[in-house]
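For reference, the structure is listed below as C-alpha cells.
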Amino acid sequence: MSLASRCTFFLVACCFSGSNLAAQELQAGAAKIDITPPIGYAMWGYGARHDAPSVGVLDPLYARALVLIAGKERIALVGLDLGRAPMRQSTAAIRARVKAEAGVEHLFLVGSHTHHGPVIELDNWPVRKRGQDPDQGQPYVRELEDKLAKVIIDAAKAARPARIGVAAKDVPFNRNRHSKRPDKLVDPELLVLRVDDKDGKPIAHAVNFAAHPTMHPAQVLKFSADYPGAMAKLMEQETGVPCLFLQGAAGDLSANSPPGVKGPDQFGQTLGKEVLAMSKAIRCRPLDSPKLLVREDDFRFGMRIDLKNPLVRGALVLAFFEDLVAAFEREYRDGVRPHLTTALLDDRIAFVGVSGEFFCGHALSLKRRARLEHVFFLGYCNDYHQYFPTIEGAAEGGYGADPGVSAAEVGAGERMIDRALLQLYAMRGKRPNLPKERLGGMP
C-alpha cells in the first residue's frame, strides 16, 4: 500500500471511529409545560369529594420532560403534577406521536400522585357535565395528550452532548402509614439525578422519593402540585432548569414533616434544600458504557373484587361517582393489566416504572437484589392500576391492602418485581433470555 493510500485509509478510519463514538455519546434535553386544567374541572384524589369541581388554583400544575439518548435508544422521563399517569389509550396516542416526530419510543410518564389534580379517566367529562355539545371545544384530556407529546418533542429537540451524575441519601422525611407492626418498612432513599452539558451547565434534575402528596386537606377544592411542586419550584429558582419529581413506591408511605415544618410548601422547601445540597456535590461525568437498554412488559392478573356484583358496584359508586366507576369497569374488563418499563443506563443506573401504587417493600427488594449502583423505582407510571401491596401487607390488611382499592390478585406486585429483576440481569448479560411465557402475568 502506498503512503497516500495508507494516509487515506487512516483518515477514513478516524472519521468512522469518531462518528461512531459521537453516536454513542450520551445526549440529553429537557423541557417544561403548564398542564393546569380549567377551573370547574373535577378533582382527583379523595372519594368523599365525588365529582366536585375545582373552584380555583393554589399553584400551577406542570409536566417536565427529560429525554436521554444513548446509542439507538431514546427514553423520556416525564414528571407529572397529576394524581396518576394517563390511561392506556392516552399513553398510546402520546407514544405514537413522539415516536414519529422525535424518535422517542420508550416513555416513563410518572404521576406525582398529588390529590389536588384533575380527574383524567373521563375523556369528555367536563363537556357532558356542562350540558354542552360534545363536538364543541377540546376536552382537557385531549389537550393534556397534546401538551405531553409537545413537551417530550421539545426536550428531544433540545438534546445535546451531556454528562450525568447521581447522589443518594437516606432522609427521615417519610413514614409507613399502613402497617401496625413495630418492624414496618420505610424506604428513606432520596435519589437525585443531575444532567449537565459538556460545558458543565445544568440541563435538568430528576428527584426520586416516595411519599404521598396528601398534605393539603381534602376540603380544599383547588388545584395544587402539593409538596413536589414546592420542591421543584425551589430547585428551578436556584438552578434555572427543569426539576422532575419522580414518585417512588409510595403506596404505604406518607410525608413525615420535621419538627417546626408545616404544610406542603414548607415540607417541599425542606426537601428541596436537601436536593439542592446533594446536586451541588454531584460531579457529572461521561458514561463509562455509553449504552441504554429498555424492555417493556405487559401483565394480566386476576381480580380481587367483583365489579359485576351489584352490591359491590353500588358501594363503589357511593364512595366515588358513577362515571369514574364505569371507567374502572372498562379498564378491568379483561382483568388487571399493569405495565412495566425497565431501562438500564451505563450498566449501572436503572429506571423501573410500574403502573400502580406499589408498597415500599417492593422497591426495597428490587434495589437490594438488582446489585446496581442506583435504581430509580417509579410508581404511578404509564397508567394506573391502584394499590399493589406486598403479600405480607395484604395478609395484614388495612387501607391500601384490601380488595376495595387493591384490585390485582395477591402476589401480582412480586411477580412484576421479579420480572424487572430478570430484565436487569438479562440486559447485563448475566442470564440467558427465557421464553416470554415463563416470565410473568397470565397468558
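Quick note: numbers below take in every heavy atom, side chains included, and nothing from hydrogens, waters or symmetry partners.
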Stepwise side-chain contact (heavy atoms from CB on, under 4.5 Å) test for V141 and L122: CA-CA 8 Å; V141 172; L122 310 173; over 6 Å; no

Can S112 and Q247 be said to form a side-chain hydrogen bond (donor to acceptor under 3.5 Å, both in side chains), step by step? CA-CA 5 Å; S112 71; Q247 183 64 266; over 6 Å; no

How far apart are the C-alpha atoms of Y46 and T214, what are their side-chain angles, what is the distance that settles it, and do they pass the side-chain contact (heavy atoms from CB on, under 4.5 Å) test? CA-CA 10 Å; Y46 293 103; T214 51; 3.5 Å; yes

Go through it in stages, so that I can follow the logic: the residues are E409 and R415, the test is salt bridge (charged side-chain N to carboxylate O under 4.0 Å, His left out), and I'd like the CA-CA distance, side-chain angles, deciding distance and then a yes or no. CA-CA 11 Å; E409 62 188 81; R415 291 168 72 179; 3.5 Å; yes

Mind running side-chain contact (heavy atoms from CB on, under 4.5 Å) on I35 and V151 for me, showing each step along the way? CA-CA 10 Å; I35 57 171; V151 77; over 6 Å; no

Under the side-chain contact (heavy atoms from CB on, under 4.5 Å) criterion, do K280 and L276 qualify, and how do the steps go? CA-CA 6 Å; K280 290 179 178 178; L276 185 61; 3.9 Å; yes

Before you tell me yes or no, could you show the steps for Q386 and Y332 under side-chain hydrogen bond (donor to acceptor under 3.5 Å, both in side chains), namely the whole-Å CA-CA distance, both residues' side-chain angles and the distance that decides it to 0.1 Å? CA-CA 11 Å; Q386 298 181 277; Y332 294 144; 3.0 Å; yes

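With rounding to the nearest 0.5 Å, the separation of CZ in F320 from CZ in F328 is 7.0 Å. With values rounded to the nearest 0.5 angstrom, I203 atom CD1 is found 9.5 Å from I164 atom CD1. To the nearest 0.5 Å, atom OG1 of residue T390 and atom CG of residue L185 are 7.5 Å apart. Atoms CG and CG, on L144 and L80 in that order, are 7.5 Å from each other to the nearest 0.5 Å. Rounding to the nearest 0.5 Å gives a distance of 10.0 Å between CG of L271 and CE of M235. Here the CG atom belonging to L246 is positioned 13.5 Å from the OH atom belonging to Y380, to the nearest 0.5 angstrom.
Listed for the N174 side chain is a donor-acceptor partner under 3.5 Å among the backbone atoms of D187. Judged by distance alone, the side chain of D51 and the main-chain N or O of A42 form no donor-acceptor pair under 3.5 Å. Between the R419 side chain and the L340 main chain, no donor and acceptor come within less than 3.5 Å of each other. Counting only distance, with no hydrogens or angles, the side chain of D196 and the backbone of R163 share no donor-acceptor pair below 3.5 Å. Checked by atom type and distance alone, the side chain of Y41 pairs as donor or acceptor with a backbone atom of V119 at under 3.5 Å. With hydrogens and angles ignored, the 3.5 Å screen pairs no side-chain donor or acceptor of D226 with any backbone N or O of P228. Under a 3.5 Å cut-off, the side chain of R428 and the backbone N or O of D347 do not form any donor-acceptor pair. In this structure, E238 contributes its side chain and L234 its backbone to no donor-acceptor pair below 3.5 Å. Put simply, the side chain of D59 gets close to the backbone of A225: a donor and an acceptor are under 3.5 Å apart. A donor-acceptor pair under 3.5 Å is absent between the side-chain atoms of H115 and the main chain of M43, judged by distance alone.
The aromatic rings of F209 and Y227 stand perpendicular to each other, their planes meeting at an angle above 60°, with 30° marking the opposite boundary. Relative orientation of the F301 and F299 rings is parallel, given thresholds of 30° and 60° on the angle between their planes. Using cut-offs of 30° and 60° for the angle between ring planes, the H362 and F358 rings count as perpendicular. Relative ring orientation between Y387 and H212 is described as parallel, the plane-to-plane angle staying below 30° on a 0-90° scale split at 30° and 60°.
For the pair I120 and W44, the minimum side-chain heavy-atom distance is 4.5 Å or more. Inter-residue side-chain proximity for L61 and P37 is flagged as met; some heavy-atom pair is nearer than 4.5 Å. You'll find the side chain of S257 reaches within 4.5 Å of the side chain of M215, heavy atoms only. Counting only heavy atoms from C-beta outward, the side chains of E121 and M87 approach each other to under 4.5 Å. Using a 4.5 Å cut-off on side-chain heavy atoms (C-beta onward), V207 and C243 make contact. Taking the side chain as every heavy atom from C-beta outward, E145 and P86 never approach each other to under 4.5 Å. Using a 4.5 Å heavy-atom threshold, the side chains of F388 and P338 count as touching. Taking the side chain as every heavy atom from C-beta outward, L344 and L372 approach each other to under 4.5 Å.
In summary, R369 and D418 engage in a salt bridge, as defined by a charged side-chain N under 4.0 Å from a carboxylate O. Between K147 and D34, no side-chain nitrogen of the basic residue sits less than 4.0 Å from a carboxylate oxygen of the acidic one, so the salt-bridge criterion is not met. Of the charged side-chain nitrogens involved, none lies within less than 4.0 Å of a carboxylate oxygen, so that D199 and K201 do not count as a salt-bridged pair.
Residue E105 forms a salt bridge (charged side-chain N to carboxylate O under 4.0 Å, His left out) with just one option from R97, R95, K99, and that option is K99. Under the side-chain hydrogen bond (donor to acceptor under 3.5 Å, both in side chains) rule, H385 has a single partner from E331, H339, R337, which is E331.
Heavy atoms only, all atoms of each residue included: G268 and A230 are closest at CA-CB, 3.9 Å. What you find for C284 and G165 is that their closest heavy atoms are SG-N, 3.8 Å. Contact record, A204 with L66: CB-CD1, 4.0 Å, taken as the closest heavy-atom pair. Between L253 and C360, the shortest heavy-atom distance links the atoms CD1-CB, 3.7 Å. The two residues S279 and H205 make their nearest non-hydrogen contact at OG-NE2, 2.6 Å. Between A70 and K291, the closest heavy-atom pair is CB-C, 4.0 Å.
Summarising the local packing, NZ of K233 is surrounded by 12 or fewer heavy atoms from other residues, nucleotides or ligands at distances under 6.0 Å. Counting non-hydrogen atoms of other residues, nucleotides and ligands closer than 6.0 Å to CZ of R371 gives a total of 12 or fewer. Counted within 6.0 Å of NZ on K150, heavy atoms from surrounding residues, nucleotides or ligands total 12 or fewer; the atom is thus considered open.
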